[in-house]
Amino acid sequence: VLAQAGQVAPHNPGVLNNLGNAWRKPDCPEEAEKTFRAVLRESPFHLQAMLNLVRLLPKEKDKVLIATDTPNDGGFGVDPFAAFTPRSYYKYDLSDGSKELVLRGNPEHPTVVFDNEGNPRFSSSVEEGSKKLTYYYRMPGDNGWKKLPQQYDLDKHENLYRVLGGFHGLVGFDPANPSIGYWIDNRGEDKAALWEFDFRTGQFGRKLYSNPNADVIDVQTSSLYWAGETNLTAAVYPGAKWERHWFDPEEKKLYDLFGKFIPNAHDLNITSRSRDGKSMVVYNEGPHDPGSYWLFLDGKMGQIASRNPYLKPEQLSDVEFIKYPARDGRMIPAYVTKPKGKGPFPLIVLPHGGPHVTEVVGYDEWGQFLANAGYMVVQPQYRMSVGWGQDHFDSASGQHGLKMQDDKDDAVTYLVKQGLVDPNRVAMFGWSYGGYAALVASQRQPQLYQCAVARAAVADPRKSHA
């Protein structure tokens with residue numbers, strides 16, 4: 001596809017040497033490999049803007065819906081804040097590179113959610129001068145927006161989770177009824193659930209699914225998208241992996257089948273499927289698979305690519321999902337990558353950055369690299385991590401370097417008590433907020449760590465927020 005969009009450069013050993021060896025197929029002679037580099041120079045596909053693919057529009061031949069930034073360079077030729085400006089939405093013609101404006105965002109509706117036919121359906125913004133988050137919705141064919149009755153004052157801490165969590169709001173549509181959408185919200189409960197939303201009344205309907213241990217943070221629709229099927233197939237939430245609550249038994253059977261045939265199956269996704277449903281590309285990623293692509297064709301299945309073919313499954317380590325008690329009794333989810341051999345092991349605490357992000361550990365490059373060197377690795381989902389309920393998030397208020405740090409230290413204590421870790425060989429290693437946590441770890445008493453590694457650390461939170 002890239003080659004068709006631009007010019008194809010001949011095989012260039014110098015370029016390939018700079019890429020290393022991970023791209024090469026094992027046991028294949030180097031001289032037999034054919035690699036092409038797409039050079040996107042002057043072509044009708046070039047856009048002078050950042051763009052995002054919004055909808056594929058399967059009912060419109062060669063058309064997709066894209067969003068671009070709306071830069072205001074002030075006469076200087078560049079706008080460093082273009083990524084944060086309201087979006088402009090276009091129908092983009094893949095055959096000739098032309099585009100047609102569908103909707104131009106504004107401060108009241110800076111970003112918009114479209115349905116599968118390309119109709120604008122949902123928007124949200126903070127009302128000017130009020131600091132109140134407001135949701136807007138509309139039906140297909142409507143010329144204006146309606147306000148959802150609920151507003152959320154962003155000066156109130158209890159509303160912070162829906163903003164920083166990033167998953168609350170409209171996530172899909174009922175293809176059989178354009179009046180019904182699918183919405184993720186906790187609606188006063190601890191865990192966010194999947195709800196029906198009625199666009200005619202602006203009211204929530206049935207609760208479709210909730211999980212007692214985690215937030216629903218996404219949905220999955222039919223893999224037969226190109227055939228026009230967009231029905232809801234699953235609700236997605238964090239756990240030992242990205243877990244699914246299935247609504248479509250036929251789609252579940254398909255995933256179960258692939259799980260039996262793909263080696264080291266863990267987190268499977270059908271990334272594309274033919275209109276007749278008979279051919280599919282399936283992606284797998286997990287502790288013993290850095291990422292592989294499989295083609296299902298004519299009733300047969302075979303691997304077509306790997307993200308890192310030089311890593312062998314037997315070289316990689318198991319990852320276990322656990323929950324351990326913090327000193328105040330809160331249960332903290334965590335992922336433990338286990339090195340081969342017999343413990344007690346040296347331990348590296350690897351806190352994620354953010355801190356308000358969702359982390360589900362399947363294949364983690366740092367975790368596997370360190371475990372291969374003999375270290376046990378724990379990645380705690382300390383309070384303020386997203387996906388484990390609003391209370392888990394809210395309990396971190398004002399607790400940077402305090403209870404949030406206790407959660408990481410308590411992971412060490414837990415694993416030591418289990419006999420898995422040598423208390424005299426413990427380190428913390430992190431990026432960004434994780435780097436800040438590593439700096440704090442080096443100063444706490446009692447001192448649990450013999451080493452702290454801080455990368456791109458937020459060493460002064462007040463300066464970074466200023």
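The stretch residues 229-248 participates, sequence neighbours left out, in no salt bridge (charged side-chain N to carboxylate O under 4.0 Å, His left out) pair at all. Sorted by first and then second residue, the pairs that involve residues 288-302 and meet side-chain hydrogen bond (donor to acceptor under 3.5 Å, both in side chains), not counting sequence neighbours, are Asn284-Asp289, His288-Asp318, Asp289-Ser292, Ser292-Trp294. The salt bridge (charged side-chain N to carboxylate O under 4.0 Å, His left out) pairs that include a residue from residues 163-192 are Arg162-Asp185, Glu189-Lys207, where partners are two or more places apart or lie in different chains.
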**Request:** Report the C-alpha distance between Asn269 and Thr271 in whole Å, list the side-chain angles of each, state the deciding distance to 0.1 Å, and finish with yes or no for side-chain hydrogen bond (donor to acceptor under 3.5 Å, both in side chains).
**Result:** CA-CA 6 Å; Asn269 283 286; Thr271 60; over 6 Å; no

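For Tyr324, there are no side chain to side chain donor-acceptor pair (under 3.5 Å) partners at least two apart in sequence or on another chain. Among residues two or more places apart in sequence or in another chain, the ring pair (Phe, Tyr, Trp, His ring centres under 6.0 Å) test is passed with Tyr375 by none. Under the side-chain contact (heavy atoms from CB on, under 4.5 Å) criterion, Phe321 pairs with Ala240, Lys323, Pro333, Tyr335, Trp388, sequence neighbours left out.
For the residue pair Tyr310 / Asn308, no side-chain donor-acceptor distance below 3.5 Å is found, with atom types taken as modelled.
Ring centers of Phe258 and Phe296: under 6.0 Å apart, within the cut-off. The aromatic ring centres of Tyr382 and Tyr433 sit less than 6.0 Å apart.
Results of the ring pair (Phe, Tyr, Trp, His ring centres under 6.0 Å) test with Phe167 over Phe393, Trp183, Tyr161 single out Tyr161 as the only residue that passes.
Contact check for Tyr414 versus Ile332: no side-chain heavy atoms found under the 4.5 Å cut-off. Counting heavy atoms from C-beta outward, Pro380 and Asp407 have side chains that stay 4.5 Å or more apart.
Of the possible donor and acceptor atoms, one in the side chain of Gln447 sits under 3.5 Å from a partner among the backbone N and O of Ala441. Looking at His392, its side chain does come within 3.5 Å of a backbone N or O of Gln381 through a donor-acceptor pair. In this structure, the side chain of Gln368 engages the main chain of Ser317 through a donor-acceptor pair within 3.5 Å.
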